[in-house]
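As the structure lists them, so they are numbered: ligands from 1, and atoms in each ligand from 1.
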Amino acid sequence: MRRRDWLLSTAATPIAAQAMQAAPKNIVISSANGRNACKKAMDVLKAGGDTLEAVVQGVTLVEDDPNDTSVGYGGLPNEDGIVELDASVMHGPTRRCGAVASVRSIKNVARLAKMVMEHTDHVMIAGEGATRFARAWGVPEINLLTERTRMAWMAWKQSMRDGEGRNNWTDGLDAPDKKQAAALRQIFPGADDEMIAWAMEMARHPTTGTINCLALNGKGEMSGTTTTSGLAWKLAGRVGDSPIIGAGLYVDQEVGAAGSTGRGEENIRMVGAHTIVENMRHGMHPREAALDALKRIARNYSNDEKKLNQFDINFYALRKDGVYAGASLWSGRVSRGYMASFQFAVNDGGESRLEKCVHLLERKA
Ligand code: GLY
């Protein structure tokens, strides 16, 4: 067969024939912060629950956890010290979706996105409108900022300097010299050394977390959700990729599902999750499909590694036959001098485990 004919014939095949023949099975994958989420979602699948209900129940655990500072309650706030959450859901069997963006006082925004899907004629509701929608349905409101994240925000505010090296959020010129740790200890007398060190590290290297969770059940049904507090210290109203259907999440019941964590701006520009699902539709293995999406991001910077080194982004892909992959732009992330490999969580019926992401570029410590 000539190459051109071969390309046309694979493009016409909805998904690799081999993939369609494999029997579907219960499987859940997520970003590395979702081991408990995958386990919870698997329990829901095993009990015969719907795939979207499974992933929403899974990520709710992470949204509720104040120690995950990239999602839900206890997420790192915007530059004003206010936590703003984004989320999306897609339900494969009914091909429906929902999303919320810049939500300030509702903890479980994946559930709220599902409510938008189920109870409105819209796909996305943002800001004050989303809060009013939640209020109408009796969803309780809370302050999403914890003492821990307020301290990290304060450390960040104190680390800012104008051209003269001044900052209005620290002691004035007339005050005795004090190191930042001592200043923080004075404002937060209950904080221990570890918490103060963490807050100062967050001020310097804020995390870009998020959780994406994708599920397949034994009937071959698929769903997914992505939920986040977004980029730490962002401008108020900044919306990332997580609630953007096609970027932070995409599910096509015929093919598979994909989602993302990391710097959303890069993903929005090349609609990563949809790109990956389309790549799988045309026969690519989930791993190659996700690596191709990362190559598109690198291409947007003409493969300039100096610029690319300034951010991280990861993709997760689950094909309809249960074949999956996690892929990261870089081999690892440097945190407090250590290099940690990017991983993702998988549950195929037992305990959740972490697997290593394939990567596009090699990061040097
Ligand atoms: N990927 C999450 C965000 O950029 O907001």
* ILVMFWY cluster, Leu318 and Val28 together (side-chain gap under 4.5 Å) ->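 Unlinked, Leu318 and Val28 end up in two clusters.
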* **Listed partners of Asp193 passing salt bridge (charged side-chain N to carboxylate O under 4.0 Å, His left out), at least two apart** =>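 Partners of Asp193 under the salt bridge (charged side-chain N to carboxylate O under 4.0 Å, His left out) test: Arg185.
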* Quick check: are there more than 12 heavy atoms from other residues, nucleotides or ligands sitting under 6.0 Å from CZ of Arg35? -> no
* Side-chain touch Phe315/Leu294, heavy atoms, less than 4.5 angstrom -> yes
* Structure fact -> The remaining residues in the hydrophobic cluster of Ile211, counting side-chain heavy-atom contacts under 4.5 Å among Ile, Leu, Val, Met, Phe, Trp and Tyr, are Val59, Val62, Val71
Run the side-chain donor-acceptor check on residues 47-56: report pairs under 3.5 Å with partners two or more places apart or on a different chain.
residue	atom	partner	partner atom	Å
Asp50	OD1	His91	NE2	2.8
Asp50	OD2	Leu52	N	3.0
Asp50	OD2	Glu53	N	3.3
Asp50	OD2	His91	NE2	3.4
Thr51	OG1	Ser223	OG	2.8
Glu53	OE1	Arg111	NH1	2.9
Glu53	OE1	Lys114	NZ	3.1
Glu53	OE2	Gln57	NE2	2.9
Glu53	OE2	Arg111	NH2	2.9

Could you give the N/O to N/O pairs under 3.5 Å linking ligand 1 and the protein, each with its distance?
residue	atom	partner	partner atom	Å
ligand 1	1 (N)	Asp241	OD1	2.6
ligand 1	1 (N)	Gly262	O	2.6
ligand 1	4 (O)	Arg238	NH2	2.9
ligand 1	4 (O)	Asp241	OD1	3.4
ligand 1	4 (O)	Gly262	O	3.2
ligand 1	4 (O)	Gly264	N	2.8
ligand 1	5 (O)	Arg238	NH1	2.7

